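Have a look at the structure below, then the notes.
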Number of protein chains: 2
Amino acid sequence: MKAYLLQTLKEIALLGGIKNKVELSSHELGKQLNTSQQTASRYLLELDKKKLISREHGIKKQLILITKEGKNLLQSEYTDFQRIFDLSDKIFFKGKVTSGLGEGRYYTEQKGYTKQFQEKLGFKPYPGTLNAEIEYVEKNKLRLLNDHRAIVIDGFKTKNRSFGNVRCFKAEINKKKGAIVLPMRSHYSHILEFIAPIYLRGKLNLKDGDNVNIIINFKE
Amino acid sequence: MKAYLLQTLKEIALLGGIKNKVELSSHELGKQLNTSQQTASRYLLELDKKKLISREHGIKKQLILITKEGKNLLQSEYTDFQRIFDLSDKIFFKGKVTSGLGEGRYYTEQKGYTKQFQEKLGFKPYPGTLNAEIEYVEKNKLRLLNDHRAIVIDGFKTKNRSFGNVRCFKAEINKKKGAIVLPMRSHYSHILEFIAPIYLRGKLNLKDGDNVNIIINFKE
DNA sequence: ATTACTAGTAAGCGAGTAT
DNA sequence: TATACTCGCTTACTAGTAA
């Protein structure tokens with residue numbers, strides 16, 4: 001969507017164009033947008049063509065109403081701003097299911113971990129992790145995790161080797177509850193490891209390459 | 001503000017750029033915005049020049065942080081969307097103080113009205129109305145009043161003449177509480193009449209032509 | 001890898017104006 | 001009064017490429 005069309009649509013919405021027909025000449029709209037009558041007229045034509053507004057031409061001016069699609073577009077823009085300012089107790093990721101090295105299973109079956117998962121997260125993880133590769137740019141969002149208190153799973157030692165501390169954040173993957181697991185000290189990876197009480201690949205019918213939505217939730 | 005710069009700024013904010021430095025190449029940004037690396041680079045230059053972001057150039061990529069001004073810009077955009085969707089129990093107007101015909105005083109001193117103002121609005125209006133001329137386009141917002149229940153002041157008759165019903169909405173003018181008064185059946189005018197328990201022109205130091213902010217509040 | 005310059009092309013703009 | 005077309009001008013875009 002062209003940025004200036006969105007801006008125009010927002011301006012109409014501010015005048016009440018979602019609920020009511022707005023009486024607005026192209027000249028007036030131009031004034032609101034700091035542009036000319038001709039440009040405003042063109043914007044209206046474009047919005048109309050894209051079915052984001054509907055118009056009735058009165059004798060003078062025109063009656064403009066924002067369509068369902070137009071409203072949806074504004075709503076999704078609004079959601080973006082909510083994510084920026086209000087929903088900072090949540091972080092959203094898009095990812096693609098990927099197969100790890102199969103190590104997840106080994107770790108999640110260690111009693112030293114599972115006991116703590118049960119205590120601190122409230123569920124016994126299904127063996128193995130579901131790995132999701134997030135887009136490279138979205139790695140930036142991981143830095144936001146530093147502002148929030150993680151659920152810390154303590155490391156432990158067995159006869160053979162030692163296991164390090166692990167940080168968890170409660171999260172959802174395609175609406176199914178679970179948690180993100182991150183090694184304690186290490187740089188952020190572009191692979192997120194997800195644990196859950198259920199077999200996610202089965203329940204969500206996922207295979208490698210499928211898109212998933214992950215929401216990390218700090219409030220719960 | 002150019003619409004595409006705002007869009008770019010929002011994208012950076014979604015990656016956490018308000019709180020953290022975001023590691024973002026112009027190529028990646030271009031991908032996010034569905035445009036080329038060159039255009040994204042230019043956007044970043046423009047945002048930098050306008051001091052909406054600050055940048056550090058690493059060896060690769062760059063670290064981008066949204067400045068205070070950048071955040072303010074996004075915040076005011078967010079406010080617009082809140083007004084569209086969430087604060088639909090409020091309507092905002094900009095207006096200019098104007099002198100009416102002096103009739104306001106005559107009406108507000110009628111006992112048939114004042115008694116009801118006291119009962120239904122909770123205050124005895126200072127004699128006279130403060131009139132504000134709203135911009136022509138903002139008249140559209142008045143149509144939103146139809147969706148809300150007005151406080152109705154009943155008309156009455158005296159020996160000499162009869163007075164019609166009046167609709168009121170609780171409102172604020174430059175943060176001072178009062179109410180907007182509208183004749184019951186008539187087309188919307190571009191003049192809003194405001195009553196309050198205090199002498200507004202005095203208390204707010206207003207004279208003709210001064211800008212005022214009026215907020216009609218349906219919830220209170 | 002990057003960023004960002006140059007230059008040629010495409011899109012956007014608004015004065016003038018027809019309707 | 002309106003809307004919206006044409007057309008010359010400006011801004012914005014991206015391929016190529018230097019650093």
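As the structure is a prediction and not an experimental result, all values here were calculated from the model. Convention: sequence-line order gives letters A, B, ...; per-chain numbering from 1.
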Inset, instruction - Residues of residues 48-57 of chain B with any non-hydrogen atom less than 4.0 angstrom from an atom of DNA chain D: list those, numerically ordered, please. - result: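 Output list: empty, so none.
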Inset, instruction - Residues of residues 26-37 of chain A with any non-hydrogen atom less than 4.0 angstrom from an atom of DNA chain D: list those, numerically ordered, please. - result: A:Ser26, A:Gln37
Inset, instruction - Hey, could you give me the CD1/NZ distance between A:Ile215 and A:Lys177, rounded to the nearest 0.5 Å? - result: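 Rounded to the nearest 0.5 Å, the CD1-NZ separation comes out at 10.5 Å.
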Inset, instruction - Starting at CG of A:Asn140, measure out to CD1 of B:Ile12 and round the result to the nearest 0.5 Å. - result: 10.0 Å
Inset, instruction - Return yes if some donor-acceptor pair links the side-chain N/O of A:Thr35 with the main-chain N/O of A:Gly30 below 3.5 Å, else return no. - result: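 Here the side-chain-to-backbone pair does not exist.
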Legend entry - salt bridge (Lys or Arg N to Asp or Glu O under 4.0 Å): pairs with one or both residues in residues 6-15 of chain A, sequence neighbours excluded: A:Lys10-B:Glu77, A:Lys10-B:Asp80
Legend entry - Pairs satisfying salt bridge (Lys or Arg N to Asp or Glu O under 4.0 Å), at least one member in residues 84-100 of chain A, at least two apart: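 Counting only pairs at least two positions apart or across chains, the salt bridge (Lys or Arg N to Asp or Glu O under 4.0 Å) contacts touching residues 84-100 of chain A are A:Asp89-A:Lys219.
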Do the non-hydrogen side-chain atoms of [X] and [Y] ever get within less than 4.5 Å of each other?
X: A:Ile53; Y: A:Thr8; answer: no
X: B:Phe169; Y: B:Leu182; answer: yes
X: B:Thr98; Y: B:Ile191; answer: yes

Inset, instruction - For A:Ser41, answer base if it contacts any base atom (sugar-phosphate contacts may also be present), sugar-phosphate if it contacts only those atoms, and nothing otherwise; contact means non-hydrogen atoms under 4.0 Å. - result: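 Base contact.
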Inset, instruction - Take the C1' atoms of the five end pairs on each side of the helix from C:dT2-D:dA19 to C:dT19-D:dA2, derive the two axes, and give their angle rounded to 10 degrees. - result: 40°
Legend entry - Whether B:Phe85 and A:Tyr78 hold their rings parallel, tilted or perpendicular, with breakpoints at 30° and 60°: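 Aromatic pair B:Phe85/A:Tyr78 classed parallel.
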Legend entry - salt bridge (Lys or Arg N to Asp or Glu O under 4.0 Å) involving B:Asp210 - partner list, sequence neighbours excluded: B:Lys207
Inset, instruction - Quick one: list whatever passes salt bridge (Lys or Arg N to Asp or Glu O under 4.0 Å) with A:Lys71, sequence neighbours left out. - result: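 If we apply the salt bridge (Lys or Arg N to Asp or Glu O under 4.0 Å) test to A:Lys71, skipping adjacent residues, there are no hits.
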Taking N or O atoms only and anything under 3.5 Å, show me the protein contacts with nucleotides 8-12 of chain D, one pair per line.
from	atom 1	to	atom 2	distance (Å)
D:dA12	OP1	B:Lys2	NZ	3.3
D:dA12	OP1	B:Tyr4	OH	3.1

Inset, instruction - Let me know, please, whether A:Gln38 or B:Leu44 comes out on the 5' side of the other along DNA chain C by nearest nucleotide. - result: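 The 5'-side residue here is B:Leu44.
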Using side chain to side chain donor-acceptor pair (under 3.5 Å) as the criterion, list what pairs up with [X], not counting sequence neighbours.
X: A:Tyr113; answer: none
X: A:Glu23; answer: none
X: B:Gln7; answer: none

Inset, instruction - Compare side-chain N and O positions of A:Gln62 against OP1 and OP2 of D:dT3 and report whether any pair is under 4.0 Å apart. - result: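 True: A:Gln62 side-chain N/O within range (under 4.0 Å) of D:dT3 OP1/OP2.
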Legend entry - Flag if over 12 foreign heavy atoms under 6.0 Å of CG, A:Asn146: yes
Legend entry - Span of DNA chain C in contact with chain A (heavy atoms, under 4.0 Å): C:dG12 to C:dG16
